[in-house]
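Down below is the structure, laid out as structure tokens.
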Amino acid sequence: MHKVTTLCDHLDVGTGGVSVDKNGDIYVADFGMLLSDKTTVDRKIYKVSTDGNAVVFAKGFKGASGNAFDSKGNLFQSNIRGHCIHKIAPDGSAVEFVTQGLTSPVGITIDEHDTLYVANCGDKYISKITSVGDLSRYAESELFECPNGITFDESGNLYVANFNNGDVVQVTPDGSVSRFATIPGNNNGHITYHDGALYVVARTAHQIYRVSMKGDVDLFAGSGDKGQVDGPALEALFCYPNDIEISADGRCFYVNEVSNAATDGSTIGPVSLRCIWLS
């Protein structure tokens with residue numbers, strides 16, 4: 001049976017993106033303490049070891065939301081308030097990578113050619129950015145409602161989780177856009193692909209769902225009650241979880257959530273990092 005444990009608690013950040021490097025360290029981005037904060041600046045990224053030790057890795061971001069690693073170990077960090085993306089070297093030094101043409105970027109996924117695909121929560125489109133920073137629009141659709149999380153499957157299909165409703169939207173390699181599944185809660189966080197299935201954060205439902213490649217939706221973790229209680233996955237309590245990422249060894253998923261049991265979804269920090277164990 002899957003179980004949930006807490007890796008670290010009360011990080012001084014708001015729930016942004018979560019990524020894992022090849023060494024297994026976890027990177028937790030700071031969106032800001034309030035979802036509605038339009039002016040948040042100088043946000044940071046924490047680097048968390050597998051034993052829960054957290055240190056500041058990089059800082060100076062404007063609402064750090066989704067992030068992802070390329071094949072060279074660079075972390076690409078979206079800035080939802082700055083409408084830009086930073087490129088962060090393995091030593092934590094950051095430079096602006098793309099500064100125009102994005103609208104409140106959140107989720108980032110990167111293909112085998114180090115091409116970025118970015119969900120623009122402020123509009124109804126997905127951007128494509130080459131490894132040298134050339135920007136174009138990859139997909140546009142009325143089905144995108146604050147596109148938030150984003151991931152690929154093994155066949156090159158792109159999946160996007162909406163923040164403003166429960167839909168997961170599929171974009172095929174030929175550019176066809178369709179509704180793939182609908183997650184309970186009407187407010188998705190991020191999404192990831194692992195071992196033949198999608199895993200989607202149902203943020204206001206305080207749960208995690210598994211979606212098969214046929215579009216079947218099943219509860220994976222979280223009783224649906226709000227809180228922070230470890231234990232068997234279907235009995236554990238989450239509090240406004242946001243992002244989900246598989247560990248480097250494939251043994252668990254990392255999920256960031258609000259650790260102070262906020263009364264509503266507008267307060268999004270401080271953050272706890274939870275583990276959903278697969279074995």
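Since the model is a prediction, treat every value here as computed from it, not as a measurement.
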Taking Glu145 first and then Lys124, would you say they form a salt bridge - that is, a charged N and a carboxylate O separated by under 4.0 Å?
yes

Do [X] and [Y] have side chains that get closer than 4.5 Å, going by heavy atoms?
{"X": "Ile268", "Y": "Tyr240", "value": "no"}
{"X": "Gln207", "Y": "Phe238", "value": "no"}
{"X": "Gln228", "Y": "Asp9", "value": "yes"}
{"X": "Leu198", "Y": "Met213", "value": "yes"}
{"X": "Phe163", "Y": "Asn187", "value": "yes"}
{"X": "Lys226", "Y": "Cys239", "value": "yes"}
{"X": "Trp277", "Y": "Val4", "value": "no"}

Indicate, with yes or no, if [Y] and [X] share a hydrophobic cluster defined by side-chain heavy-atom contacts under 4.5 Å among Ile, Leu, Val, Met, Phe, Trp and Tyr.
{"X": "Val118", "Y": "Val98", "result": "yes"}
{"X": "Ile246", "Y": "Tyr209", "result": "no"}
{"X": "Val229", "Y": "Tyr254", "result": "no"}
{"X": "Val20", "Y": "Val56", "result": "yes"}
{"X": "Phe220", "Y": "Leu234", "result": "no"}

Using only heavy-atom distances, determine whether the side chains of [X] and [Y] contain a donor-acceptor pair under 3.5 Å.
{"X": "Asn157", "Y": "Thr172", "result": "no"}
{"X": "Tyr125", "Y": "Thr103", "result": "yes"}
{"X": "Thr109", "Y": "Thr151", "result": "no"}
{"X": "Asp249", "Y": "Ser247", "result": "yes"}
{"X": "Asp123", "Y": "Asn120", "result": "no"}
{"X": "Asp114", "Y": "Ser71", "result": "yes"}

N/O donor-acceptor pair under 3.5 Å between [X] side chain and [Y] backbone:
{"X": "Thr192", "Y": "Glu245", "result": "no"}
{"X": "Glu257", "Y": "Ser272", "result": "no"}
{"X": "Asn162", "Y": "Phe144", "result": "no"}
{"X": "Ser19", "Y": "Phe69", "result": "no"}
{"X": "Asp167", "Y": "Val169", "result": "no"}
{"X": "Asn79", "Y": "Gln77", "result": "yes"}
{"X": "Asn256", "Y": "Gly16", "result": "yes"}
{"X": "His206", "Y": "Gly224", "result": "no"}
{"X": "Asn188", "Y": "Gly166", "result": "yes"}
{"X": "Ser259", "Y": "Pro270", "result": "yes"}

Over all atoms of both residues, closest heavy-atom pair of [X] and [Y]:
{"X": "Val28", "Y": "Val48", "result": "CG2-CG2, 4.2 Å"}
{"X": "Pro147", "Y": "Ala119", "result": "O-CB, 3.4 Å"}
{"X": "Ala202", "Y": "Pro241", "result": "O-CG, 4.3 Å"}
{"X": "Phe180", "Y": "Gly215", "result": "CZ-N, 3.6 Å"}
{"X": "Thr182", "Y": "Val217", "result": "O-CG2, 3.9 Å"}
{"X": "Leu7", "Y": "Cys275", "result": "CB-SG, 3.8 Å"}

Carefully, step by step, assess Tyr138 and Leu158 under the rule side chain to side chain contact (heavy atoms under 4.5 Å, CB included).
CA-CA 11 Å; Tyr138 180 70; Leu158 193 68; 4.0 Å; yes

Per the side chain to side chain contact (heavy atoms under 4.5 Å, CB included) rule, which among Leu35, Asp243, Thr267, Asn242 passes with Thr15?
Asn242

Working for side chain to side chain contact (heavy atoms under 4.5 Å, CB included), residues His2 and Leu278
CA-CA 5 Å; His2 305 319; Leu278 302 181; 4.2 Å; yes

Heavy-atom count check: over 12 atoms from other residues, nucleotides or ligands less than 6.0 Å from [X] [atom1]?
{"X": "Lys62", "atom1": "NZ", "answer": "no"}
{"X": "Lys128", "atom1": "NZ", "answer": "no"}
{"X": "Lys44", "atom1": "NZ", "answer": "yes"}

Could you walk me through whether Leu135 and Leu102 pass the side chain to side chain contact (heavy atoms under 4.5 Å, CB included) check?
CA-CA 9 Å; Leu135 174 72; Leu102 299 169; 4.1 Å; yes

Start with the C-alpha distance between Asp25 and Ser49, add both sets of side-chain angles, then the distance that settles side-chain hydrogen bond (donor to acceptor under 3.5 Å, both in side chains), and finish with yes or no.
CA-CA 5 Å; Asp25 292 317; Ser49 65; 5.4 Å; no

Does the gap between the ring centers of Phe76 and His86 come in under 6.0 Å?
no

Ring centroids only, cut at 6.0 angstrom: are Tyr159 and Tyr193 within range, meaning strictly under it?
no

Give the ring-plane orientation class for His194 versus Tyr199, where under 30° counts as parallel, over 60° as perpendicular and anything between as tilted.
tilted

To the nearest 0.5 Å, atom CD1 of Ile191 lies from atom CD1 of Ile183 at 7.5 Å

Please step through side chain to side chain contact (heavy atoms under 4.5 Å, CB included) for the pair Tyr46 and Val271, ending with a clear verdict.
CA-CA 11 Å; Tyr46 271 99; Val271 160; over 6 Å; no

